[in-house]
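A short write-up of the structure that comes next.
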Amino acid sequence: MSFPLPKPQTPQLPQHLLRTIDCQQGAVRAVRFNVDGQYLLSCGGDKSLKLWSGSRGTLLKTYSGHGYEVLDADGSFDNSNICSCSSDKTVILWDVATGQVARKLRGHAGKVNCVQFNEEATVILSGSLDGTVRCWDTRSRKNEPIQVLDEARDSVSSLKVSKHEILTGSVDGRVRRYDLRMGQLHVDFLNSQTSLFSCSSAWVVLSLCVCVFWSGPITCVCFSQDGQCTLSSSLDSTVRLLDKSTGEMLGEYTGHTMKGYKLECCLSSKDTHVLSCSEDGHVYFWDLVEGCLSWKLPVGKAVVQSLSFHPTQTRLLTASESRIQVWAAELEDPDKNDDDNVTMAM
């Protein structure tokens with residue numbers, strides 16, 4: 001006798017506010033989970049970078065060394081280092097335990113908007129207002145970048161690294177995917193009549209994938225968790241999902257407001273939902289497959305500037321004005337707290 005398979009459960013969304021942290025560092029420009037989601041990073045308008053306990057929301061360490069507001073940060077895979085970037089045109093590599101500057105990297109001609117380690121934390125990649133992505137060797141004492149990617153025709157607003165690929169978004173309205181292994185150039189064009197054109201060519205040095213949108217400046221880019229798709233948001237208040245290999249448009253997500261601010265988007269940890277910040281004080285959740293709006297998370301009255309989804313759990317970080325918020329699918333037990341040790345943190 002056979003029985004029908006159980007109906008799949010609707011994925012839970014982070015709807016419950018666990019805590020609000022007043023960072024006391026001016027406007028929070030970016031928030032990030034570390035590699036395992038146990039710790040939080042907040043980038044402040046007061047030139048500081050702060051490390052927080054994810055379970056308690058307590059401040060573990062403050063990193064000071066930038067000359068102007070900190071715009072982005074990332075933690076290494078082994079939690080021993082942090083890299084950060086700033087409007088002061090520098091990238092800093094920090095030692096987590098001591099809080100000291102391990103290296104200060106100069107070379108960009110404009111403010112540095114985004115920064116990330118590669119998987120092994122042997123290279124730091126930074127994108128700047130000067131239209132370049134610079135690759136810095138963390139093991140070398142040389143101050144020059146090992147490579148400069150200068151295909152962008154305007155400010156590089158966002159970048160993500162996944163294994164052998166680099167994804168960048170620029171104010172010139174293009175999303176570029178550099179495939180360092182294949183050495184090929186793929187270009188996907190999406191015109192105003194939503195027709196899709198693709199072409200490819202080979203480069204001697206590296207591989208470049210460019211998705212061209214008639215959509216205005218790109219504010220944020222990311223890979224899907226399965227590595228098969230790319231997600232990008234732009235100042236026409238639209239988030240777009242593309243098939244990485246073919247450039248096919250898989251989904252457009254609208255309803256939020258993104259017209260004057262550099263706001264972020266992301267995918268949930270299991271690729272079930274698309275998320276975006278909004279100027280109306282909400283975070284929008286869309287069902288990835290259906291494209292319908294699943295939930296509007298009311299964060300506050302001000303612009304939601306930044307967000308970060310937990311790498312494995314249904315948890316979300318948001319930043320608005322001088323505060324960050326931690327959201328979860330369920331309220332947690334207040335007696336359940338992990339012991340935090342900054343030497344084991346990012």
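- Looking only at distances, no side-chain donor or acceptor of Asp74 sits under 3.5 Å from a matching main-chain atom of Gln116.
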Full working for side-chain contact (heavy atoms from CB on, under 4.5 Å) between Arg174 and Arg153: CA-CA 9 Å; Arg174 291 160 170 80; Arg153 295 297 174 258; 6.0 Å; no

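- Judged by distance alone, the side chain of Glu264 and the main-chain N or O of Ser276 form no donor-acceptor pair under 3.5 Å.
- In this structure, OG1 on Thr257 lies 5.0 Å from CG on Asp280, to the nearest 0.5 angstrom.
- Summarising the geometry of Cys222 relative to Lys160, their closest heavy-atom pair is CA-CG, 3.7 Å, with the distance given to 0.1 Å.
- A distance of 5.0 Å separates OG in Ser42 from CD1 in Ile324, rounded to the nearest 0.5 Å.
- Rounded to the nearest 0.5 Å, atoms CG (Leu40) and CG (Leu51) are 8.0 Å apart.
- Considering every non-hydrogen atom in both Gly37 and Pro311, the closest pair reads N-CG, 3.8 Å.
- A donor-acceptor pair under 3.5 Å is absent between the side-chain atoms of Ser278 and the main chain of His282, judged by distance alone.
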Side chain to side chain donor-acceptor pair (under 3.5 Å) between Ser157 and Thr219, worked out: CA-CA 6 Å; Ser157 56; Thr219 64; over 6 Å; no

Chi angles and distances behind the side-chain contact (heavy atoms from CB on, under 4.5 Å) call for Phe285, Val274: CA-CA 6 Å; Phe285 292 76; Val274 173; over 6 Å; no

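- In this structure, Tyr253 and Trp286 have tilted ring planes: the angle between them lies in the 30° to 60° band.
- Salt bridge Lys163/Glu120: absent, no basic N to carboxylate O contact under 4.0 Å.
- Residues Val31 and Leu41 are not in side-chain contact: their nearest non-hydrogen atoms beyond the backbone lie 4.5 Å or more apart.
- The backbone N or O of Ala328 lies less than 3.5 Å from no partner atom in the side chain of Thr314, so there is not a single donor-acceptor pair.
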Test side chain to side chain donor-acceptor pair (under 3.5 Å) applied to Gln325 and Thr20, step by step: CA-CA 5 Å; Gln325 300 83 19; Thr20 297; 5.1 Å; no

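- Leu275 and Leu17 fall within a single hydrophobic cluster, where Ile, Leu, Val, Met, Phe, Trp and Tyr side chains are chained together by heavy-atom contacts under 4.5 Å.
- Using a 4.5 Å heavy-atom cutoff, the side chains of Phe117 and Cys83 are in contact.
- Between the CG atom of Asp154 and the OG atom of Ser170 there is a distance of 5.5 Å, given to the nearest 0.5 Å.
- Ser86 places a side-chain N or O within 3.5 Å of a backbone atom of Tyr68 that can act as its donor or acceptor partner.
- Judged by distance alone, with hydrogens and angles left aside, the side-chain atoms of Ser158 form a donor-acceptor pair with the main-chain N or O of Val221 at under 3.5 Å.
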Chi angles and distances behind the side chain to side chain donor-acceptor pair (under 3.5 Å) call for Asp95, Asn81: CA-CA 5 Å; Asp95 181 272; Asn81 294 107; 4.7 Å; no

Step-by-step side chain to side chain donor-acceptor pair (under 3.5 Å) determination, Tyr178 to Glu151: CA-CA 11 Å; Tyr178 297 83; Glu151 288 73 31; 2.6 Å; yes

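- Remark: Arg176 engages Asp172 in a salt bridge, criterion side-chain N to carboxylate O under 4.0 Å.
- Taking the charged nitrogens against the carboxylate oxygens, Glu165 and Lys244 do have a contact shorter than 4.0 Å, which makes a salt bridge.
- Atom CG in Leu288 sits 8.0 Å away from atom OG1 in Thr272 (nearest 0.5 Å).
- From Ser268, atom OG reaches atom CG of Leu13 across 8.0 Å, with rounding to the nearest 0.5 Å.
- Looking only at side-chain heavy atoms (C-beta outward), Val283 and Val299 come within less than 4.5 Å of each other.
- Side-chain contact between Val112 and Thr90 is absent, with no heavy atoms from C-beta onward closer than 4.5 Å.
- Within a 6.0 Å radius of NZ in Lys89, other residues, nucleotides and ligands contribute 12 heavy atoms or fewer.
- With hydrogens and angles left out, the side-chain atoms of Arg240 and Ser234 include a donor and acceptor closer than 3.5 Å.
- Around atom NZ of Lys47, no more than 12 heavy atoms belonging to other residues, nucleotides or ligands sit under 6.0 Å away.
- In the hydrophobic clustering of ILVMFWY residues, with side-chain heavy atoms under 4.5 Å counting as a link, Tyr63 and Val115 come out apart.
- Side-chain contact between Cys266 and Leu231: absent, with no pair of heavy atoms (C-beta onward) separated by less than 4.5 Å.
- Here the shortest heavy-atom pairing between Val239 and Ser233 reads CG2-CB, 4.0 Å.
- Between the side chain of Ser128 and the backbone N or O of Lys111 there is at least one donor-acceptor pair closer than 3.5 Å.
- Judged by distance alone, the side chain of Arg103 and the main-chain N or O of Lys142 form a donor-acceptor pair under 3.5 Å.
- Both Val161 and Leu149 sit in one connected hydrophobic cluster of ILVMFWY residues. Membership requires side-chain heavy atoms under 4.5 Å apart, directly or through other members.
- Ion pairing of Arg32 with Asp72 is present here, as a side-chain N (NZ or NE/NH1/NH2) and a carboxylate O approach within less than 4.0 Å.
- In the hydrophobic clustering of this structure, Trp52 groups with Leu18; members are Ile, Leu, Val, Met, Phe, Trp, Tyr whose side-chain heavy atoms approach within less than 4.5 Å, directly or through other members.
- Val156 and Val171 fall into different hydrophobic clusters, where Ile, Leu, Val, Met, Phe, Trp and Tyr side chains are chained together by heavy-atom contacts under 4.5 Å.
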Residues Arg323, Asp22; criterion side-chain contact (heavy atoms from CB on, under 4.5 Å); working and verdict: CA-CA 5 Å; Arg323 295 176 293 276; Asp22 188 351; 4.3 Å; yes

From CA spacing to verdict: side-chain contact (heavy atoms from CB on, under 4.5 Å), Ile92, Ser84: CA-CA 5 Å; Ile92 290 182; Ser84 63; 3.9 Å; yes

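- Here Lys50 does not pair with Asp46 in a salt bridge; the nearest charged N to carboxylate O distance is not below 4.0 Å.
- In this structure, Tyr261 and Glu279 approach most closely via the heavy-atom pair N-OE2, 3.3 Å.
- Between the Thr138 side chain and the Thr122 main chain, a donor and an acceptor come within less than 3.5 Å of each other.
- Relative orientation of the Tyr284 and His256 rings is tilted, given thresholds of 30° and 60° on the angle between their planes.
- Between Arg29 and Glu69 there is a salt bridge, with a side-chain nitrogen of the basic residue lying less than 4.0 Å from a carboxylate oxygen of the acidic one.
- Of all non-hydrogen atoms in Cys135 and Leu125, the two that sit nearest each other are SG-CD2, 3.7 Å.
- Scanning both residues, Gly65 and Lys104, for their nearest heavy atoms gives O-NZ, 2.9 Å.
- Looking only at atom types and distance, the side chain of Ser48 has a donor-acceptor partner in the side chain of Gln25 under 3.5 Å away.
- The backbone N or O of Ser320 sits nowhere less than 3.5 Å from a side-chain atom of Gln305 that would complete a donor-acceptor pair.
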